[in-house]
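In what follows, chains carry the letters A, B, and so on, assigned in the order in which the sequence lines appear, proteins first and then strands, with residues in each chain numbered from 1. Values in this document were obtained by computation on a predicted structure and should not be read as measured data.
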Amino acid sequence: MTHQIVIIGAGTAGTIVANKIHRKMKKLKELFAITVIDPTFKHVYQPGFLFTMFGRDKTGNMIKDGKTLLPKDSKTIEAVVTKIDTEKKIIYTNIEKVIEYDFVVLASGARIAVERAEWWDHSIHHFYSPDAAEELYEKLKSFQSGKILVAIGDIPFKCPPAPVEASLLLDHYFRQRGIRDQVTIKYASPLHMCFSIESVNTVVEPLLLKRGIELETFFNVDEVDLEKKIVYSLEGTEENYDLLIVVPPHATHQYIIDSNISNGAGWVPTDKETLEVIGQENMFALGDVTDIPTSKAGSTAHYQAPIVAANIYAKIVGDKNLKKYDGHVQCFFLTEFGKSLFLNFNYKAPPQATGLSGWIFLRPRRSWYWFKQVFKTFYFSLIAKGKI
Amino acid sequence: MTYVITKSIDAIGAYCPGPLMELIRAIKTVEVGEVVELISSDKGSTAELPKWCEKAGHELLEVVNLDNNAQSFRIKKGEKKVRKK
């Protein structure tokens with residue numbers, strides 16, 4: 001019997017898991033067939049947005065034809081999934097194509113959902129899409145003086161370090177232009193501290209203050225007065241601005257809600273170890289789409305993908321011992337153009353100051369920055385293709 | 001202390017900033033004077049939630065330790081602070 005494995009989404013999570021499944025089962029080709037469904041098959045290297053917003057990279061370098069990154073014998077369907085009938089194991093799409101599955105992997109990620117914020121306006125900038133990052137660069141180029149406010153639209157959002165990184169890089173950018181003294185940079189955190197992980201916060205918050213970046217805590221955006229250029233918080237405080245950069249609200253895709261597989265907030269309830277969707281048969285989820293209490297980041301999907309592949313394989317061959325994801329995430333945390341921290345953590349251990357062999361993780365280092373640069377060059381050829 | 005819990009949120013297993021965000025979402029849906037219960041197993045909630053309540057003008061009525069290493073935070077929604085417009 002050939003098992004039909006359908007993957008919804010061809011971003012980082014969907015592409016890596018397709019390749020991992022293919023590699024895991026390549027000696028058993030008669031056992032499975034992979035189909036990937038995606039609306040565009042444009043694969044975007046999203047960590048590059050932080051470079052685009054400062055004119056240091058072109059978005060063209062970050063986008064590849066997603067079909068070229070998938071296993072050669074996988075089938076691709078360019079469509080929007082509209083619903084999954086979990087009883088009949090059928091997927092419906094907007095092109096009236098009905099796809100049957102034996103296993104389905106939800107890897108459709110999180111989408112930018114500015115419509116969720118009544119106060120959102122096109123004059124508010126962000127850097128969570130290629131176009132938005134390029135627009136922000138144009139704005140920054142002409143910015144000569146005034147106050148830049150960096151805030152968060154809602155939680156959760158992709159890449160938790162990104163707004164803090166953006167604040168630190170804004171400082172670097174204006175220092176390089178020689179007008180830092182003309183520019184006030186303020187980071188408005190929704191939490192009682194700058195960053196959500198204590199061990200990282202103890203490093204990052206002093207760094208922010210040392211670099212002259214102002215910090216407001218417990219600032220959850222409630223309303224924006226676009227005429228007066230004031231942001232009001234739920235906590236009753238307010239901040240004025242000349243340039244407003246807000247991490248936009250994120251959301252899941254409609255098919256998850258319409259298929260009755262979402263939790264109350266729209267994310268997919270997922271077993272944080274086996275990555276099975278809770279309450280569903282032969283359904284797995286990985287990456288940003290899940291409700292797992294860890295970072296929404298490409299690295300998370302990278303470490304989850306082999307677990308999903310192994311567990312689908314286990315179910316096909318009748319092995320009841322499923323592999324467990326330990327929450328492993330690794331990421332670089334830029335502190336300036338030229339230096340970065342390295343975050344390495346899992347469910348049990350928060351990011352540590354040092355690693356094996358005395359590697360210093362939580363101090364701004366040139367080495368981590370260059371690792372990140374090198375990583376970008378082999379992301380498409382090695383990571384996305386599931387080779388490492 | 002007697003009060004009626006209008007809305008109860010189970011945030012067991014969620015880590016910072018999950019519990020605070022759950023509380024914020026819940027507080028938005030109840031009326032001034034009503035009580036929200038947030039159950040959290042995240043140790044960070046002990047420090048974070050009282051500070052947030054104080055800043056946002058809500059009253060932390062009490063914190064009850066539960067059997068499963070979790071805590072129940074009972075929060076009474078306060079008046080929205082008047083903004084200087």
Side-chain angles (χ1 to χ4, degrees), chain A residues 116 118 152-157 160 189-201 216-225 227-228 230-240 249-250 263-267 269-273 278 291-296 327 345-348 350, chain B residues 6-32 34 36-60 63 68-71 73 75-85:
Chain A
R116 287 189 50 228
E118 287 174 10
I152 312 291
D154 197 9
I155 285 177
F157 58 90
S189 168
L191 315 175
H192 73 287
M193 52 189 179
C194 165
F195 190 66
S196 58
I197 304 174
E198 187 79 46
S199 64
V200 180
N201 189 64
E216 172 75 12
T217 56
F218 282 142
F219 192 93
N220 287 279
V221 178
D222 187 32
E223 198 181 337
V224 180
D225 188 326
E227 271 185 30
K228 291 182 181 170
I230 296 175
V231 183
Y232 298 97
S233 78
L234 280 169
E235 291 78 13
T237 51
E238 61 184 59
E239 288 292 338
N240 67 318
H250 288 43
N263 66 8
W267 307 107
T270 309
D271 184 298
K272 69 178 192 174
E273 292 182 328
I278 294 167
D291 71 342
I292 292 175
T294 189
S295 300
K296 292 199 182 299
F345 56 100
N346 60 31
Y347 291 140
K348 290 182 180 166
Chain B
T6 305
K7 188 161 196 167
S8 181
I9 305 294
D10 184 351
I12 287 178
Y15 304 113
C16 175
L20 174 62
M21 294 303 126
E22 294 286 350
L23 175 60
I24 289 173
R25 282 188 199 104
I27 282 278
K28 282 181 185 176
T29 65
V30 301
E31 300 295 324
V32 172
E34 290 184 329
V36 169
E37 175 190 42
L38 181 98
I39 303 171
S40 173
S41 54
D42 180 28
K43 287 176 185 167
S45 296
T46 312
E48 188 178 46
L49 297 186
K51 283 183 193 167
W52 182 77
C53 290
E54 188 183 347
K55 179 162 181 180
H58 307 300
E59 186 184 352
L60 179 59
V63 182
N68 50 355
N69 288 328
Q71 289 180 304
F73 297 80
I75 295 130
K76 185 177 171 186
K77 182 169 179 172
E79 293 278 355
K80 197 164 190 173
K81 290 188 178 175
V82 179
R83 291 167 176 160
K84 296 172 280 179
K85 284 198 180 182

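B/Trp52 has its side chain out of reach of A/Thr217: every pair of non-hydrogen atoms, C-beta onward, lies at least 4.5 Å apart. Considering only heavy atoms from C-beta on, A/Pro190 comes within 4.5 Å of B/Met21 through its side chain. When side chains are defined from C-beta on, A/Phe218 counts as touching B/Leu20, because their heavy atoms get closer than 4.5 Å. Residues B/Lys55 and A/Thr237 meet the side-chain proximity criterion, which asks for heavy atoms closer than 4.5 Å.
Around atom NZ of B/Lys76, no more than 12 heavy atoms belonging to other residues, nucleotides or ligands sit under 6.0 Å away. Under a cut-off of 6.0 angstrom, the local environment of CG in B/Asn68 is crowded, with over 12 non-hydrogen atoms contributed by other residues, nucleotides or ligands.
Taking CD from A/Glu235 and NE2 from B/His58, the interatomic distance works out to 7.5 Å, rounded to the nearest 0.5 Å.
With a threshold of 4.5 angstrom between heavy atoms, B/Ile24 approaches chain A through side-chain atoms but not through N, CA, C or O. Proximity to chain B (any heavy atom under 4.5 Å) is shown, for A/Pro156, by both the backbone and the side chain. Using a 4.5 Å cut-off between heavy atoms, A/Asp154 contacts chain B through its side chain alone, with no backbone atom that close.
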